[in-house]
Amino acid sequence: MNIIGLGQAGCNVAECFKQYSQYKIFKIDTDLKKAKGVYALEYQNKPEAYENKFPNLKRTLLKGVKGQTLFITSCGFISGASLRLLEQLKDNCQISVLYVKPDINNLSNKKSRQENLIFNVLQEYARSGKLERLYIVDNVKVAEIIGDITVREYFNQINQLIGSTIHMINVFNHSKAAMSTFSEPINTARISTLGLVDYETGEEKAFFDLDMLREKRYYYAIPEETVESDGTLIKKIKKQVKNNVEHDKMKNSYQIHPTDYDKPYVYFVSNSNFIQKNEKNT
């Protein structure tokens, strides 16, 4: 998979994927040092300028880029170049977008307007089928999941959790499960988020509060020994999955993957076909 980060937040999350061999990493931002897979843009003082002056990268940075591609961005002024970049990728790539929402309570009026614009435009792109999927993650929600974080490590730990969660879901999507109830995802439900589940309690912690869910797909990473010996495993998983069906039009499913970890881990992807409201955190 290609990972393309645009802007500081996008590049920082993209950087987290370098520890895995399965990805090609590309970064686009201002003030970047010249290196392979890196393109430095000139600083602009408004989103419209980044859009109007965005260069054609098809013969430089993006040459040869094709196939599964995850584009990562947030709401900085540089995100004004997002649609231009997506336009250059569309012919050769199956594009999903990871949109990193900042704490919108702390944005200036100008940045708040840009955040609202990019948040809604990307959702419309997903609903229209121009994107394979739009993943929304909220920095505030992810920080709450992690717990106490030092100032120096705040964004690094958030980015690492986002990156590792996406990576594990990618691994499971390309691995044979010991058991699976997955069917084809609902084609119209392309607005998504990620999350973690406490295996013991069943408590779910989503990376964004997604409204009007249509489906939820669970990935149970269970120690090999437990898969081989625990006769209550399937019953427990079925109960957890069933308990989290929120309405009669919602479809929940699961996969079980044996691992060499010493304890279980559970991830999920939630999907919706509704445009999400842009509400401030309380």
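One is the number of the first residue; the rest follow in order along the sequence.
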TODO: Run the numbers on I191 and I136 for side chain to side chain contact (heavy atoms under 4.5 Å, CB included), then give the verdict.
DONE: CA-CA 8 Å; I191 299 173; I136 305 171; 3.8 Å; yes
TODO: Could you walk me through whether V197 and E203 pass the side chain to side chain contact (heavy atoms under 4.5 Å, CB included) test, one step at a time?
DONE: CA-CA 6 Å; V197 182; E203 180 185 6; over 6 Å; no
- [ ] Kindly indicate, with the supporting measurements, whether the criterion side chain to side chain donor-acceptor pair (under 3.5 Å) is fulfilled by E204 and N244.
- [x] CA-CA 9 Å; E204 297 188 1; N244 288 304; 2.8 Å; yes
- [ ] Using the side chain to side chain contact (heavy atoms under 4.5 Å, CB included) rule, take L196 and F268 through it: C-alpha gap first, then chi angles, then the decisive distance, then the call.
- [x] CA-CA 6 Å; L196 307 175; F268 67 86; 5.7 Å; no
- [ ] Go through the steps for L107 and C75 under the test side chain to side chain contact (heavy atoms under 4.5 Å, CB included), then give the verdict.
- [x] CA-CA 10 Å; L107 298 179; C75 69; 4.2 Å; yes
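When the side chains of ILVMFWY residues are joined at heavy-atom separations under 4.5 Å, either directly or via intervening members, I158 and L161 end up in a single hydrophobic cluster. In this structure, V137 is not a member of the same hydrophobic cluster as I118, with clusters built from ILVMFWY side-chain heavy atoms closer than 4.5 Å. Note: the hydrophobic cluster containing I222 also contains V241 (ILVMFWY, side chain heavy atoms under 4.5 Å, direct or indirect links). A single hydrophobic cluster is not seen to contain both M250 and I186; linkage of ILVMFWY side chains at heavy-atom distances under 4.5 Å, directly or through other members, places them apart. Residues L89 and F26 share a single hydrophobic cluster, defined by chaining ILVMFWY side chains whose heavy atoms lie under 4.5 Å apart.
Under the salt bridge (charged side-chain N to carboxylate O under 4.0 Å, His left out) criterion, D211 pairs with no residue at all, not counting sequence neighbours. Every side chain to side chain donor-acceptor pair (under 3.5 Å) that Y220 has, sequence neighbours left out, goes to Q240. Remark: N120 engages N116 in a side chain to side chain donor-acceptor pair (under 3.5 Å) (not counting sequence neighbours). Residues that satisfy the ring-ring contact (aromatic ring centres under 6.0 Å, His included) test with Y261, not counting sequence neighbours, are Y265.
Taking 4.5 Å as the limit, some side-chain heavy atom of I72 sits within range of a side-chain heavy atom of F17. Side chains of L70 and I166 form a contact here, defined as non-hydrogen atoms less than 4.5 Å apart. In this structure, the side chains of N271 and R217 come closer than 4.5 Å at one or more pairs of heavy atoms. Side-chain contact between V142 and F208 is absent, with no heavy-atom pair separated by less than 4.5 Å. Looking at heavy atoms from C-beta onward, I237 lies in side-chain contact with I256 at the 4.5 angstrom threshold. Taking the side chain as every heavy atom from C-beta outward, D260 and E224 never approach each other to under 4.5 Å. Contact check for L194 versus Y135: side-chain heavy atoms found under the 4.5 Å cut-off. Here the side chains of Q276 and L210 are in contact, with some heavy-atom distance below 4.5 Å.
Here L32 is tied into one hydrophobic group with V38, each link being a pair of ILVMFWY side chains closer than 4.5 Å. Taking a 4.5 Å side-chain heavy-atom cut-off between Ile, Leu, Val, Met, Phe, Trp and Tyr, the cluster of F274 extends to M212.
In K110, the NZ atom is crowded: over 12 heavy atoms of neighbouring residues, nucleotides or ligands sit closer than 6.0 Å. A 6.0 Å sphere centred on NZ of K111 holds no more than 12 heavy atoms belonging to other residues, nucleotides or ligands. The local environment of CD in E225 is sparse, with at most 12 non-hydrogen atoms from other residues, nucleotides or ligands closer than 6.0 Å.
Applying the ring-ring contact (aromatic ring centres under 6.0 Å, His included) test to residues at least two apart or on different chains, the pairs with a partner in residues 161-200 are Y20-H167, Y23-H167, F172-H257, F182-Y219. Applying the ring-ring contact (aromatic ring centres under 6.0 Å, His included) rule to pairs touching residues 39-90 yields nothing, sequence neighbours excluded. Pairs passing the salt bridge (charged side-chain N to carboxylate O under 4.0 Å, His left out) check and including a residue from residues 17-38, sequence neighbours excluded, read E15-K18, E15-K27. Pairs passing the salt bridge (charged side-chain N to carboxylate O under 4.0 Å, His left out) check and including a residue from residues 80-97, sequence neighbours excluded, read E87-K90.
With 3.5 Å as the limit, one finds no donor-acceptor pair spanning the side chains of E153 and Q160. Side chains of E215 and N252: a donor-acceptor N/O pair is absent below 3.5 angstrom, by distance only. Donor-acceptor pairing under 3.5 Å is recorded for the side chains of S192 and R133. Side-chain contact check for T30 and E42: no donor-acceptor pair (N or O, by modelled atom type) lies under 3.5 Å. Under the 3.5 Å distance criterion, with hydrogens and angles disregarded, a donor-acceptor pair is assigned to the side chains of N106 and D103. At a cut-off of 3.5 Å, with distance as the only test, no side-chain donor of T193 or K141 sits close to an acceptor on the other residue.
Taking CD1 of I169 as the start and OG of S164 as the end, the distance is 9.5 Å to the nearest 0.5 Å. The OH atom of Y125 sits 10.0 Å away from the OG atom of S82 when rounded to the nearest 0.5 Å. Here N173 contributes atom CG and M168 contributes atom CE; the two are 11.0 Å apart, rounded to the nearest 0.5 Å. In this structure, OG1 in T73 is found 11.5 Å from CD1 in I4, a value given to the nearest 0.5 Å. For the atom pair CD of E144 and CG of N139, the computed distance is 11.0 Å after rounding to the nearest 0.5 Å. For the atom pair CG of N156 and CD1 of I149, the computed distance is 9.5 Å after rounding to the nearest 0.5 Å.
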For residues 56-68, which side-chain donor-acceptor pairs fall under 3.5 Å, sequence neighbours excluded?
{"residue": "N56", "atom": "OD1", "partner": "K58", "partner atom": "N", "Å": "2.9"}
{"residue": "T60", "atom": "OG1", "partner": "L57", "partner atom": "O", "Å": "3.4"}

Sequence neighbours excluded and cut-off under 3.5 Å, please list the side-chain donor-acceptor pairs for residues 92-102, or say none.
{"residue": "Y99", "atom": "OH", "partner": "E115", "partner atom": "OE2", "Å": "2.8"}
{"residue": "K101", "atom": "NZ", "partner": "E115", "partner atom": "OE2", "Å": "2.8"}
{"residue": "K101", "atom": "NZ", "partner": "N278", "partner atom": "OD1", "Å": "2.6"}

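Put simply, the side chain of N12 gets close to the backbone of Q8: a donor and an acceptor are under 3.5 Å apart. A distance-only check finds a donor-acceptor pair linking the side chain of Q88 to the backbone of P55 [under 3.5 Å]. Without hydrogens or angle criteria, R190 side chain to L134 main chain gives no donor-acceptor distance under 3.5 Å.
Contact record, S272 with L213: CB-CA, 4.4 Å, taken as the closest heavy-atom pair. Here the closest non-hydrogen pair linking C11 and G5 is SG-O, 3.5 Å. A pairwise comparison of heavy atoms in Q114 and S79 identifies NE2-OG, 2.8 Å as the closest pair.
One finds a salt bridge joining E200 and K236 here, because a Lys/Arg side-chain nitrogen approaches an Asp/Glu carboxylate oxygen to under 4.0 Å. Remark: E124 does not engage K130 in a salt bridge, criterion side-chain N to carboxylate O under 4.0 Å.
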